[in-house]
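Reviewing the structure listed below.
Heavy-atom basis, side chains included; hydrogens, waters and symmetry copies ignored. Every chain is numbered from 1, with letters handed out A, B, ... down the list of sequences. Just so it is clear, the structure is predicted and the values come from calculations on it, not from any experiment.
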Amino acid sequence: MTTPGSRKKRHYWLMKSEPDGFSIDDLKRVGTEPWNGVRNYQARNFMRQMQPGDGVFFYHSNCKVPGIVGLAQVASVAYPDPTQFDPKSDYFDPKSTHEEPRWSLVDVSHERTLKRTIPLDEIKQHADALGDGFALTQRGSRLSVLPVTAAQWKLLLSLE
DNA sequence: GCCAACGTTGGC
DNA sequence: GCCAACGTTGGC
C-alpha cells in the first residue's frame, strides 16, 4: 500500500575520515567520493543499509580537534569496493572474489561545511541526551561508520 | 573452538 | 608519541 508522494524514511549516519588523508575540504573539492577502504564488517553492514539521500555527518578523526565538520549525503546504494580487487591498493583483499565481493561502499557527496567544527569533547557533554546507544561516545568504540537517530541528528546540528 | 599474539584505531 | 581497546590471525 503506497500513497502518492510517500517515500521511504530518511536515515542518518556518521562517517569518520582522517583529514590528513581525506578532509571535508577534499570532499567539497571533488563533490562526490566513493567511500572506499572500509574493512570492518559492522561498518560495511551499515553502508549496505544506506539509501541515496540519507544524511551524513562528516567527522574528522585522529587529528588536533576531532569532531563533526560537515554535512554530506549518501549518493548511491552500496556496491562492491573496487579497491578490494586491486593488488596495488592498500585495501586489497586477496580473499575477496568478484563472484562474492566481501567489501562494499557507497558514494558520498558534499552538502555543506559547518560554520565551525563541533568538537568531540563538546559532543561528549551531551552524552546523556544522545543515549548509551550512540557509538561515537561509547567507550572503546572505533566504529568508523555508524547510525545516527533523527533525535541525535537534530541535537548535534543544534550545536553548530 | 580457544586464545595468545599481533596490528589497527583514534583520543589524548 | 603513548597506549587502551578492539578486531583478526593462526597455532594448537
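- For the OP1/OP2 pair of B/dT9 and a distance below 4.0 Å, the side-chain nitrogens and oxygens of A/Lys16 include no atom meeting the criterion.
- In this structure A/Arg112 satisfies the salt bridge (charged side-chain N to carboxylate O under 4.0 Å, His left out) test together with A/Glu160, sequence neighbours excluded.
- When heavy atoms are screened at a 4.0 angstrom cut-off, A/Lys64 is found touching no nucleic acid atom at all.
- For A/Gln138 and B/dG10, the CD to C1' distance is 15 Å, given to the nearest whole Å.
- Residue pairs meeting the side chain to side chain donor-acceptor pair (under 3.5 Å) criterion with at least one partner in residues 74-84 of chain A, sequence neighbours excluded, are A/Arg39-A/Asp81, A/Arg39-A/Thr83, A/Tyr79-A/Asp107, A/Asp81-A/Thr83, A/Gln84-A/Ser96.
- Hydrophobic clustering (ILVMFWY, side-chain heavy atoms < 4.5 Å, transitive): A/Phe85 and A/Trp103 are in distinct clusters.
- Atom CE in A/Met15 sits about 13 Å away from atom P in B/dG10, given to the nearest Å.
- The stretch residues 128-151 of chain A participates, sequence neighbours left out, in no ring pair (Phe, Tyr, Trp, His ring centres under 6.0 Å) pair at all.
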Enumerate donor-acceptor pairs with a distance under 3.5 Å from any side-chain N or O in residues 42-49 of chain A to protein atoms, sequence neighbours excluded.
| residue | atom | partner | partner atom | Å |
| --- | --- | --- | --- | --- |
| A/Arg44 | NH1 | A/Arg102 | O | 2.9 |
| A/Asn45 | ND2 | A/Tyr41 | O | 3.2 |
| A/Arg48 | NE | A/Ser104 | OG | 2.9 |
| A/Arg48 | NH2 | A/Arg102 | O | 3.3 |
| A/Arg48 | NH2 | A/Ser104 | OG | 3.2 |

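- Following rounding to the nearest Å, A/Lys124 (NZ) and B/dG10 (C1') show an atom-to-atom distance of 10 Å.
- For A/Asp26, the side chain to side chain contact (heavy atoms under 4.5 Å, CB included) test picks out A/Phe22, A/Ser23, A/Arg29, with sequence neighbours left out.
- In this entry the distance linking CG of A/Asp20 with P of B/dG10 reads 13 Å, nearest Å.
- Screening residues 146-157 of chain A for side chain to side chain donor-acceptor pair (under 3.5 Å), with sequence neighbours left out, gives A/Thr149-A/Gln152.
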With B for base contact, S for sugar-phosphate-only contact and - for none (protein heavy atoms under 4.0 Å), nucleotides 2-8 of chain B reads -----BB
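- Counting heavy atoms from C-beta on, the side chains of A/Ser17 and A/Phe58 come closer than 4.5 Å.
- Computed from coordinates, the A/Glu122 CD to B/dC12 P distance equals 14 Å when rounded to whole Å.
- The distance between atom CG of A/Asn40 and atom C1' of C/dT9, rounded to the nearest whole Å, is 16 Å.
- Positionally, the nearest nucleotide of DNA chain C for A/Asn62 lies more toward the 5' end than for the other of A/Asn62 and A/Ser141.
- Going from atom CG of A/Leu14 over to atom P of B/dG10 covers 11 Å, rounded to whole Å.
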Secondary-structure string, 5' to 3', Watson-Crick or G-U under 3.5 Å, | for another-strand partners, for DNA chain C
||||||||||||
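- Remark: A/Tyr59 is not in phosphate contact with B/dT9, judged by side-chain N or O atoms under 4.0 Å from OP1 or OP2.
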Donor-acceptor list for residues 121-128 of chain A side chains, cut-off 3.5 Å, not counting sequence neighbours:
| residue | atom | partner | partner atom | Å |
| --- | --- | --- | --- | --- |
| A/Glu122 | OE1 | A/Arg116 | NH1 | 3.3 |
| A/Glu122 | OE2 | A/Arg116 | NH2 | 2.7 |

